[in-house]
Amino acid sequence: MTAIQEPPAHATGVPGDGFPSGDLTLLRFHVEQALSADTCALSESELIDQIQEVESLQASLSALQSARIRGFAQAHVDSHRVDDRTDFDKIHRSVVAQIQLACRVSTTEARTRMANARDLHSGLDRIRGLHIAGELSAAKVSAIAVECRDLNTAQRARVDSRLAAVRDLTRYGIGRLRAMTRRLVAEVAPDRFRARVHAGKAERGSPCARRRMR
């Protein structure tokens, strides 16, 4: 039998309404408790159910992190005076650098996460809802967000609505989601889609790109 431990004294508890506060220490405590549990006492069915639950929890936590990234970016911009474009670019680089350090990822990945956090609140409401509910992983959400990157909020919302109407969308793999989103983007915003295709061809044809391919 697994010993029952008390939550650490510094962990924020659960208020009277039963909903945990913003302190994530208590969540980490429960994860550590689950890791120390004796899995020999669990059946195969129970183990696979927990695997599914952990996968869903990972997605929800990624959604939480995305929300915090967005909140940090907004707070950082608000706390610094922006006089011109140069100042804005400097602040943007600062936000990316701090997200990179916090998440221990590359600069490119930090930029992607920041852009995803922004776009999920700019038209991708239904996809964000599935992400929060743990039904779409961070990788799947990112694939959709990246394909919608060149759209405005209204266009993104149209793609979001059509994606949400797809039956069994949450069961689709990343490649299939990316292809479906790309097709919807081409239908919703053909001009922007063609511009992206042309830009991609131009980039692949540049001397730098050719050198990288050698």
Side-chain angles (χ1 to χ4, degrees), residues 55-56 58-74 76-78 82 85 88-89 91-93 95-96 99-100 103 105-206 208-209 212-213:
E55 184 67 21
S56 179
Q58 283 181 324
S60 295
L61 284 174
S62 294
L64 173 60
Q65 185 185 64
S66 181
R68 294 297 184 266
I69 288 173
R70 179 173 178 264
F72 169 75
Q74 291 177 328
H76 196 70
V77 170
D78 290 343
V82 179
R85 182 70 195 182
F88 180 81
D89 290 343
I91 293 172
H92 178 81
R93 289 194 298 272
V95 172
V96 170
I99 291 173
Q100 177 185 357
C103 299
V105 295
S106 67
T107 302
T108 299
E109 176 64 15
R111 288 198 189 100
T112 298
R113 291 192 185 191
M114 192 170 79
N116 289 350
R118 176 199 64 209
D119 292 348
L120 281 173
H121 288 80
S122 300
L124 293 175
D125 296 343
R126 294 172 179 82
I127 295 301
R128 187 178 79 251
L130 291 172
H131 193 26
I132 293 171
E135 297 184 43
L136 280 178
S137 69
K140 291 181 179 182
V141 169
S142 183
I144 292 170
V146 168
E147 291 301 325
C148 295
R149 191 74 81 222
D150 300 327
L151 306 184
N152 59 39
T153 301
Q155 292 168 333
R156 202 176 287 121
R158 290 174 61 189
V159 173
D160 177 72
S161 178
R162 293 179 64 175
L163 281 173
V166 175
R167 184 178 180 181
D168 294 331
L169 179 74
T170 58
R171 295 180 179 273
Y172 286 15
I174 294 174
R176 190 175 180 186
L177 278 174
R178 182 180 291 114
M180 178 185 295
T181 305
R182 187 179 297 132
R183 184 171 65 252
L184 290 175
V185 169
E187 295 174 6
V188 168
D191 292 341
R192 289 183 182 238
F193 181 78
R194 283 193 294 268
R196 178 196 288 183
V197 171
H198 292 326
K201 289 181 179 179
E203 182 179 351
R204 288 191 294 273
S206 67
C208 291
R212 288 196 297 268
M213 293 172 64

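Below, each value reflects all heavy atoms present in this structure, side chains not excepted, and no hydrogens, waters or symmetry copies. All figures in this text were calculated on a predicted structure; none of them were measured in a lab.
Of the candidates Thr181, Val188, Leu184, Cys148 forms a side-chain contact (heavy atoms from CB on, under 4.5 Å) with just one, namely Thr181.
Side-chain contact between Ile127 and Leu169 is present, with heavy atoms from C-beta onward closer than 4.5 Å. Side-chain contact between His92 and Met114 is present, with at least one heavy-atom pair separated by less than 4.5 Å. The closest side-chain heavy-atom distance from Gln58 to Ser137 is not below 4.5 Å. The shortest side-chain heavy-atom distance between Glu109 and Cys103 does not fall under the 4.5 Å cut-off. Looking at Thr153 and Arg156, their side chains come closer than 4.5 Å, going by heavy atoms from C-beta outward. At a threshold of 4.5 Å between non-hydrogen side-chain atoms, the residues Arg182 and Phe193 count as touching. You'll find the side chain of Thr112 reaches within 4.5 Å of the side chain of Arg149, heavy atoms only.
Between the side chain of Glu147 and the main chain of Ile144, no donor-acceptor pair closer than 3.5 Å is present.
Of all the heavy atoms in Arg113 and Ile69, the pair that sits closest is CB-CD1, 4.1 Å. Minimum heavy-atom separation, Asp119 to Ala145: OD2-O, 4.4 Å. For the pair Ala117 and His121, the tightest heavy-atom approach, listed with the atom from each and the gap, is O-ND1, 3.3 Å. Closest non-hydrogen pair, Gly134 versus Ala59, comes out as CA-CB, 3.7 Å.
By the 6.0 Å contact criterion, CZ on Arg192 is enclosed, its count of non-hydrogen atoms from other residues, nucleotides or ligands being greater than 12.
Considering NE2 of His131 and OG1 of Thr170, their distance stands at 13.5 Å, rounded to 0.5 Å. Rounding to the nearest 0.5 Å gives a distance of 10.5 Å between CZ of Arg118 and CG of Leu124. Here the CZ-NZ distance, from Arg176 to Lys140, works out to 10.5 Å after rounding to the nearest 0.5 Å. Here the CG-OG distance, from Leu61 to Ser56, works out to 9.5 Å after rounding to the nearest 0.5 Å. Separation of atoms CG (Asp160) and OG (Ser122) is listed at 11.5 Å; rounding is to 0.5 Å. Atoms CG and OG, on Leu136 and Ser142 in that order, are 12.0 Å from each other to the nearest 0.5 Å.
Looking at residues two or more places apart in sequence or on another chain, you find no side-chain hydrogen bond (donor to acceptor under 3.5 Å, both in side chains) involving Glu135. For Ser60, there are no side chain to side chain contact (heavy atoms under 4.5 Å, CB included) partners, not counting sequence neighbours.
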